[in-house]
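Could you have a look at this structure, given as structure tokens, before my questions?
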Amino acid sequence: MADSLSNGTHSKKALLSDSQLFEAKFDELVTELIQRDLKDPGLVDALNRHREVLVYNVPGGKKNRGLSVIGSLRELLPPSQLTQDVVERALVVGWCIELLQAFFLVADDIMDGSVLRRGQPCWFRKEGVGLDAINDSFFLESALYRLLRKYCRDQPYYVHLLELFTETTYQTVLGQTLDLMTAPPGDVDLSRFSMEKYKSIVKYKTAFYSFYLPVAAAMYMAGITNEVEHNHAKEILLEMGEFFQIQDDFLDCYGDPAVTGKIGTDIQDNKCSWLVVKALEVMSAEQRPVLEACYGRKDDASVEKVKALYKSLQIQTLYHKYEEESYQRLQKLIARCAVTLPSTVFLNFANKIYKRNK
């Protein structure tokens, strides 16, 4: 990696922001995976397809997960230890998390029959792709392990990272399984929905990989392997992840697709979202039949009736109240649990997600 693309301690040239460093690293990793990795001329077509899969699906999001690796590492290590090599490896591990995210999203969009992702058609809806996207999702997952091996195999934390990624993948699959079982397409049964079930789905499907994974990776890279410290971090980050998904559910219904980059379909897809669970908690017995008749239906009229019911139940007001309570709860949790870890690791993350609109 050239000095001009480094803000490690030993760089003598103009510094770039972590975001700029991160963006610049992506093309290099694509080249690493596609051109330098496999030389068999018989693989040219497959590798060209993989390049397209990478470029279309990986770099388009907010990149908060990936950037949180280097951001957290800067809080955990003194500047003297942030050499160019350390920074480079943190950028690579960050992109590995973005690859994992892309793997989940490509597969999730197929299962949900989604239309838009990050402002463009979902990969499986692209002409000529279809269900071949399933194989493409496998490529995205396998690519991250190739990069981890190349860049981190000689590091003392390599096995920790491997175990962290594989365990996080398993946890996310468990969450997706709960999600699919709770709301099978065409089988609307609101009795399956509860706040307890919802929180289990959120914890496993979103919170582990979106929040604990990047910070835990940075902790291992900083030499922090103590189980107590990891458990403290996990307690804080899973709380944050729960709010993040509740916020995502809110934006699915009330966000602007031009800003969020996707069209919300939780109502049509019979999803066990925070909004419907909260509605079930606060509605009257007379209102429930409306929800039962309209939730999980694809037609616009049914969707509008559900939204009208949400409005009458003041779901937006209840959400904003929850958001404030969640932020206050998180502050107390950080004060209690971040004893040996710098609180800025968690506060930086919190500041990125509270009050977001996409």
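Treat the numbers as computed from the prediction; the structure is a model and nothing was measured.
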Task: Heavy-atom side-chain contact between L73 and V69 under 4.5 Å - done: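 When only atoms from C-beta onward are counted, V69 and L73 do not touch, as no gap falls below 4.5 Å.
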Task: Side-chain H-bond candidate by donor/acceptor type, D249 with Q245, under 3.5 Å - done: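 A donor-acceptor contact under 3.5 Å links the two side chains.
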Open item on the list: Rounded to the nearest 0.5 Å, what separates atom NZ in K126 from atom CG in D132?
Closed with: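 With rounding to 0.5 Å, NZ (K126) is 12.5 Å from CG (D132).
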Task: Under 3.5 Å side-chain donor-acceptor pair for D136 and W123 - done: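 Yes.
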Open item on the list: To check you understand the geometry: which heavy-atom pair defines the closest contact between V106 and S137, and what is its length?
Closed with: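 Minimum heavy-atom contact is CG1-CB, 3.9 Å.
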TODO: Verify the ring-centre separation between F165 and H160: is it less than 6.0 angstrom?
DONE: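 Between H160 and F165, the centre distance exceeds or equals 6.0 Å.
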Task: Over all atoms of both residues, closest heavy-atom pair of L341 and M219 - done: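 In terms of heavy atoms, the two residues are closest at CD1-CE, 3.9 Å.
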- [ ] For atom CG of N231, decide whether the heavy atoms of other residues, nucleotides or ligands shown that lie under 6.0 angstrom number more than 12.
- [x]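 Correct, the count exceeds 12.
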- [ ] Return the orientation label for the F250 and H320 ring planes: parallel under 30°, perpendicular over 60°, tilted otherwise.
- [x]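 F250 vs H320 ring planes: perpendicular.
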Task: Check: R297 side chain, Y295 main-chain N or O, donor-acceptor pair, under 3.5 Å - done: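 Yes; judged by distance alone, with no hydrogens or angles, the pair exists.
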Open item on the list: If I take atom CG from residue N348 and atom CD1 from residue I353, how far apart are they, to the nearest 0.5 angstrom?
Closed with: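 Going from CG on N348 over to CD1 on I353, the span is 12.0 Å.
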TODO: Tell me, yes or no, whether the heavy-atom count around Q328 atom CD, taken from other residues, nucleotides or ligands under 6.0 Å, exceeds 12.
DONE: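 Atom CD in Q328 is packed in, count exceeds 12.
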Open item on the list: For C272 versus A183, what's the shortest heavy-atom pair and its separation?
Closed with: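 Scanning both residues, the minimum pair turns out to be N-CB, 4.3 Å.
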Open item on the list: Heavy-atom count check: over 12 atoms from other residues, nucleotides or ligands less than 6.0 Å from M111 CE?
Closed with: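 Enclosed.
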Open item on the list: We want to know whether D85 and T83 form a side-chain donor-acceptor pair, criterion being a heavy-atom distance below 3.5 angstrom.
Closed with: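 Not at all, the side chains of D85 and T83 share no donor-acceptor pair under 3.5 Å.
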TODO: Give the C-alpha distance, both sets of side-chain angles, the deciding distance and a yes or no for side chain to side chain contact (heavy atoms under 4.5 Å, CB included) between R117 and D108.
DONE: CA-CA 11 Å; R117 173 66 69 182; D108 191 54; 4.2 Å; yes
- [ ] Kindly give the heavy-atom pair with the smallest separation between P41 and V44, and that separation in Å.
- [x]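 Heavy atoms only, the tightest pair is O-CG2, 3.1 Å.
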Open item on the list: Main chain of D27, side chain of T31: is a donor-acceptor contact present, judged purely on distance under 3.5 Å?
Closed with: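 Side chain of T31 to backbone of D27: a pair is present.
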Task: Results of ring-ring contact (aromatic ring centres under 6.0 Å, His included) for F211 - residues two or more places apart only - done: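 By the ring-ring contact (aromatic ring centres under 6.0 Å, His included) rule, F211 matches F244, F349.
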- [ ] Any chance you could measure I70, atom CD1, to E88, atom CD, to the nearest 0.5 Å?
- [x]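 It comes to 11.0 Å.
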Open item on the list: I'd like to check Y310 versus K305 (side-chain heavy atoms, cut-off strictly below 4.5 Å). Are they in contact?
Closed with: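 No. Closest side-chain heavy atoms not under 4.5 Å.
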TODO: Verify, without hydrogens or angle tests, whether Q120 (side chain) and Y56 (backbone) share a donor-acceptor contact under 3.5 angstrom.
DONE: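 Looks like yes, one N/O pair under 3.5 Å.
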TODO: Please check if V188 and M181 belong to a single hydrophobic cluster, counting links between Ile, Leu, Val, Met, Phe, Trp and Tyr side chain heavy atoms closer than 4.5 Å.
DONE: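 No, V188 does not connect to M181 through the hydrophobic network.
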Open item on the list: With a 3.5 Å distance limit and no angle check, can you tell me whether S210 reaches the backbone of A207 through a side-chain donor-acceptor pair?
Closed with: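 It does not hold such a pair.
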- [ ] Would you mind reporting whether V276 and K271 have side-chain heavy atoms less than 4.5 Å apart?
- [x]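 Contact flag for K271/V276 side chains = no.
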Open item on the list: Testing the 3.5 Å rule here: is there a donor-acceptor pair between the side chains of Y209 and Q101?
Closed with: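 Result is yes, a qualifying pair exists.
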Task: L33 reachable from V55 in the ILVMFWY side-chain graph, under 4.5 Å edges - done: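 Per the 4.5 Å side-chain linkage, V55 and L33 are not co-clustered.
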Task: Non-neighbouring partners of T166 that pass side-chain contact (heavy atoms from CB on, under 4.5 Å), sequence neighbours left out - done: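 Applying side-chain contact (heavy atoms from CB on, under 4.5 Å) to T166 gives Y145.
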- [ ] Report the C-alpha distance between E242 and K203 in whole Å, list the side-chain angles of each, state the deciding distance to 0.1 Å, and finish with yes or no for salt bridge (Lys or Arg N to Asp or Glu O under 4.0 Å).
- [x] CA-CA 6 Å; E242 179 181 296; K203 177 181 177 181; over 6 Å; no
TODO: Can you label the angle between the Y204 ring and the F208 ring as parallel, tilted or perpendicular, going by 30° and 60°?
DONE: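 The arrangement is tilted - the two ring planes meet at 30° to 60°.
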TODO: Go through F193 and Y198 one step at a time and tell me if the ring-ring contact (aromatic ring centres under 6.0 Å, His included) criterion holds.
DONE: CA-CA 7 Å; F193 295 171; Y198 174 78; 9.5 Å; no
- [ ] Would you check if the side chain of R118 reaches a backbone N or O of K62 as a donor-acceptor pair within less than 3.5 Å?
- [x]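 Answer holds: no.
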Open item on the list: Once rounded to the nearest 0.5 Å, what's the spacing between atom SG of C152 and atom CG of L147?
Closed with: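 Answer rounded to 0.5 Å: 9.0 Å.
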Task: Note, L213 side chain near L100 side chain (heavy atom, < 4.5 Å) - done: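 The answer is yes; the side chains approach within 4.5 Å.
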Task: Backbone of I236 reached by a side-chain donor or acceptor of E239 within 3.5 Å - done: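 Side chain of E239 to backbone of I236, a donor-acceptor pair under 3.5 Å: no, none is there.
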Task: Donor-acceptor under 3.5 Å (D40 side chain, G42 main chain) - done: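 Answer holds: yes.
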Task: Side chains of L76 and M221 in contact at under 4.5 Å (non-hydrogen atoms) - done: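 In short, these two side chains do not touch, never coming nearer than 4.5 Å.
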TODO: Kindly state each residue pair satisfying salt bridge (charged side-chain N to carboxylate O under 4.0 Å, His left out) with at least one member in residues 331-351, sequence neighbours excluded.
DONE: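 Non-adjacent pairs meeting salt bridge (charged side-chain N to carboxylate O under 4.0 Å, His left out): E235-R336.
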Task: Minimum heavy-atom distance between S194 and V277, given as atom pair plus value - done: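 Distance-wise, the nearest heavy atoms are C-CG1, 3.7 Å.
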Task: Side chains of Y254 and L275 in contact at under 4.5 Å (non-hydrogen atoms) - done: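 Yes, their side chains come closer than 4.5 Å.
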Open item on the list: Under 4.5 Å between side-chain heavy atoms, counting indirect links through other Ile/Leu/Val/Met/Phe/Trp/Tyr residues: same cluster for V58 and L105 or not?
Closed with: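 No, it is not one cluster - the side chains of V58 and L105 are not joined through contacts under 4.5 Å.
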Open item on the list: Rounded to the nearest 0.5 Å, what separates atom NZ in K63 from atom CZ in F26?
Closed with: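 Here the rounded value is 9.0 Å.
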Task: Joint cluster assignment, I267 & V282, ILVMFWY side-chain distance < 4.5 Å - done: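 In one cluster: yes.
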Task: Straight-line distance of L161 CG to Y151 OH, nearest 0.5 Å - done: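 It is 15.0 Å, given to the nearest 0.5 Å.
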TODO: Quick one: closest heavy-atom pair of G175 and I201, and the distance?
DONE: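 For G175 and I201, the tightest heavy-atom pair comes out as O-CG2, 4.0 Å.
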Open item on the list: Would you say K298 and Q268 are linked by a side-chain donor-acceptor pair, where the criterion is simply a distance under 3.5 Å?
Closed with: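 No, because no side-chain N or O of Q268 sits under 3.5 Å from a partner of the opposite role on K298.
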Open item on the list: Check for me, please, whether V228 and L237 land in the same ILVMFWY cluster - side-chain distances under 4.5 Å, paths through other members count.
Closed with: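 No; L237 is not reachable from V228 via cluster members.
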Open item on the list: What I want to check is whether the side chains of Y327 and E323 have a donor and an acceptor closer together than 3.5 Å.
Closed with: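 Absent: no donor and acceptor within the cut-off.
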- [ ] Check whether any side-chain heavy atom of K199 lies under 4.5 Å from a side-chain heavy atom of V202, and answer yes or no.
- [x]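 A side-chain contact is absent here, since even the closest heavy-atom pair is not under 4.5 Å.
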Task: S284 and Q287: side chain donor to acceptor below 3.5 Å - done: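 There is such a pair between these side chains.
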Open item on the list: Donor-acceptor check, side chain of R146 to backbone of E32, threshold 3.5 angstrom: yes or no?
Closed with: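 Checking the backbone N and O of E32 against the side chain of R146, no donor-acceptor pair under 3.5 Å is found.
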Task: Check: P342 main-chain N/O paired with E75 side-chain donor or acceptor under 3.5 Å - done: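 Not a single qualifying donor-acceptor pair exists.
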- [ ] Using the salt bridge (Lys or Arg N to Asp or Glu O under 4.0 Å) rule, take E52 and R49 through it: C-alpha gap first, then chi angles, then the decisive distance, then the call.
- [x] CA-CA 5 Å; E52 187 182 3; R49 166 61 171 246; 5.3 Å; no
TODO: Please tell me if the side chains of Y319 and I246 come closer than 4.5 Å, counting only heavy atoms from C-beta onward.
DONE: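 SC-SC contact between Y319 and I246 confirmed.
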